[in-house]
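Data first, discussion second: the structure below is written as structure tokens.
Here is how names work: the chains are called A, B, and so on, in the same order as the sequence lines, proteins then strands, and each is numbered from 1. Bear in mind the structure is a predicted one, so any value in this text is a computation, not a measurement.
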Amino acid sequence: SGAYNRGKNMVSPRRAVIAVVGPTATGKSALAEALALQLNGEIVSADSMQVYKGMDIGTAKVPLHERRVAYHCIDVVAPGEEFNAALYQKAARVAFEDIWARGKQPLLCGGTGLYVRAALEDFSLGQDDEGADAQVTRSERRRCLEAEAQELGPEAFYARLADLDPESAALIHPNNTRRVVRAFEWLEEGSSYAEQAAGFDAHNEVYPAVYLGLDMPRELLYTRINARVQQMVEHGLLDEVSELLRRGYGHALTAQQAIGYKELLPVLSGDETLEAAVSHIQQATRHYAKRQLSWFRRDKRIHWLDARLPLPELTSDALAFLSSMCG
RNA sequence: GGUCGGGUAGCUCAGUUGGUAGAGCAGCGGACUGAAAAUCCGCGUGCCGGCAGUUCAAGUCUGCCUCCGACCA
């Protein structure tokens, strides 16, 4: 993490990142853009799905022709390519430095809590990969561990971790095989999950930040989510998915995870009606919003704003808070 | 008008030979450090349609009433 400290440069309020966070469909992009216009800023997306090219409608990217400020960390890889929090951490920090170097204000905006923390905090994600070869062996190792988990079954796989590294195992639920896999990876890297977890709550800032959160009553949020999903479909989400399929990304790791994409595959293959898929997408998005809230709610640094307010009012509330923070 | 089904959690339904009810989904809460839009965990009192009867004991049996559905007139 030392690599990312800016050394002698004193941290001044002017150098703080402004972060806009909260659940989906709450108006983060609009607020971030309004603030960017006011503050001579540029936007760094903190969204795990907007990094993928060609996934536009379903990830609610602001359309190119509507963007009034520069965006970063959007469209950085193809849907078939591997991407993760470590790569995001680097990309976001490069973007911050670049924006500051041009005398502008970075605004981090997005709903992927892990990415927000990875960008701003002293967030160790393990050893660096060295070149493309390291990348290959890393995913090979992971596949190996997954195969082992598959073969042994979740209980026995977990028991193996409990044997090798009881402290880490104690922090992970036996059913959470994905975390168990990662715990083995930490061991192979000469550390351990438990060792890392000790610092999880520290919130050591690498980049000082001011956090703005957007939220609204649950019922309204869900109404907005449902409407937005409907709108995405009307704006051609189905075509977007079939285009990704045509380009061979149907089995891409990411496309299979993205809400709004995975649910439309059975529609294209004729196994499900569009109507049914839409309600599945709405459902999944509501669940997602809940998970986002439970991530952000426990972060006491966030200053929450009422997302129901019209944009001008919301913006001036945000600006008032920011100036109170910066003196 | 008659016959047969059915009325149990917000929804779909289970409920064994009578012992005062439980699944899935929805909803709510939580965790989270290299897949994170992922992955995982926790939370189930509801006049069992109503009234009466049989019984020590009724969601469960009987009668009447009521509502929904199908069929017969």
Side-chain angles (χ1 to χ4, degrees), chain A residues 1 23-25 45-52 55 58-61 77 79-91 110-129 134-135 137-139 141-143 145-146 149 154 158 168 171-186 188-189 191-204 206 218-219 221-222 225-226 228-229 232 252-263 279-299:
Chain A
S1 66
T24 8
S45 162
D47 186 302
S48 67
M49 294 297 153
Q50 290 190 350
V51 300
Y52 293 103
M55 294 170 65
T59 64
K61 284 177 198 164
V77 292
E81 284 178 68
E82 200 175 310
F83 198 80
N84 56 47
L87 292 171
Y88 175 77
Q89 182 176 60
K90 285 176 193 149
T112 305
L114 180 68
Y115 281 19
V116 173
R117 288 195 68 184
L120 297 171
E121 295 179 23
D122 183 8
F123 211 75
S124 152
L125 289 161
Q127 287 171 358
D128 257 16
D129 298 317
Q135 197 70 20
T137 57
R138 162 177 273 282
S139 47
R141 264 183 291 145
R142 179 167 288 183
R143 240 172 282 133
L145 286 164
E146 278 163 358
Y158 175 80
S168 294
L171 299 173
I172 300 169
H173 193 279
N175 292 348
N176 204 344
T177 302
R178 192 171 272 195
R179 291 264 161 71
V180 178
V181 166
R182 184 83 257 270
F184 278 115
E185 289 177 356
W186 276 113
E188 287 172 15
E189 288 167 20
S191 179
S192 82
Y193 180 77
E195 211 173 288
Q196 298 300 321
F200 286 179
D201 295 324
H203 289 296
N204 290 322
V206 171
R218 192 62 57 88
E219 205 184 359
L221 178 62
Y222 285 0
I225 285 172
N226 294 343
R228 192 167 76 156
V229 168
M232 284 174 174
L253 188 62
T254 317
Q256 284 184 327
Q257 291 190 167
I259 296 171
Y261 294 84
K262 56 173 175 247
E263 293 87 353
S279 83
H280 289 148
I281 295 169
Q282 291 168 329
Q283 187 63 73
T285 309
R286 275 179 261 141
H287 285 161
Y288 171 50
K290 247 172 81 59
R291 271 176 276 132
Q292 289 177 301
L293 276 167
S294 93
W295 179 287
F296 291 120
R297 271 195 293 221
R298 70 172 171 156
D299 189 337

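- Neither OP1 nor OP2 of B:U33 sits under 4.0 Å from any side-chain N or O of A:Gln89.
- Contact annotation: A:Asn175 reaches the phosphate of B:C41 (side-chain N/O to OP1 or OP2, under 4.0 Å).
- Positionally, the nearest nucleotide of RNA chain B for A:Tyr193 lies more toward the 5' end than for the other of A:Ser48 and A:Tyr193.
- As rounded to the nearest Å, B:C64 and B:A23 have P atoms that lie 36 Å from one another.
- For A:Lys61, the salt bridge (charged side-chain N to carboxylate O under 4.0 Å, His left out) criterion is met by A:Asp56, A:Asp75, not counting sequence neighbours.
- A sub-4.0 Å separation between OP1 or OP2 of B:C32 and a side-chain N or O of A:His173 is absent.
- If you check every strand for non-hydrogen atoms under 4.0 Å, A:Gly260 touches nothing.
- Out of B:A37, B:G30, B:U33, the shortest distance to the side chain of A:Arg297 is found at B:G30.
- Counting only Watson-Crick or G-U wobble pairs whose defining distances are both under 3.5 Å, the stems of 3 or more consecutive pairs in RNA chain B are B:1-7 with B:66-72, B:10-13 with B:22-25, B:27-31 with B:39-43, B:49-53 with B:61-65.
- Between A:Glu185 and A:Arg142 there is a salt bridge, with a side-chain nitrogen of the basic residue lying less than 4.0 Å from a carboxylate oxygen of the acidic one.
- Remark: A:Arg286 is in phosphate contact with B:G27, judged by side-chain N or O atoms under 4.0 Å from OP1 or OP2.
- Residue A:Arg182 has no polar side-chain atom (N or O) positioned under 4.0 Å from OP1 or OP2 of B:A36.
- In the set B:U39, B:G27, B:G29, B:G29 carries the atom at the smallest distance from any side-chain atom of A:Lys290.
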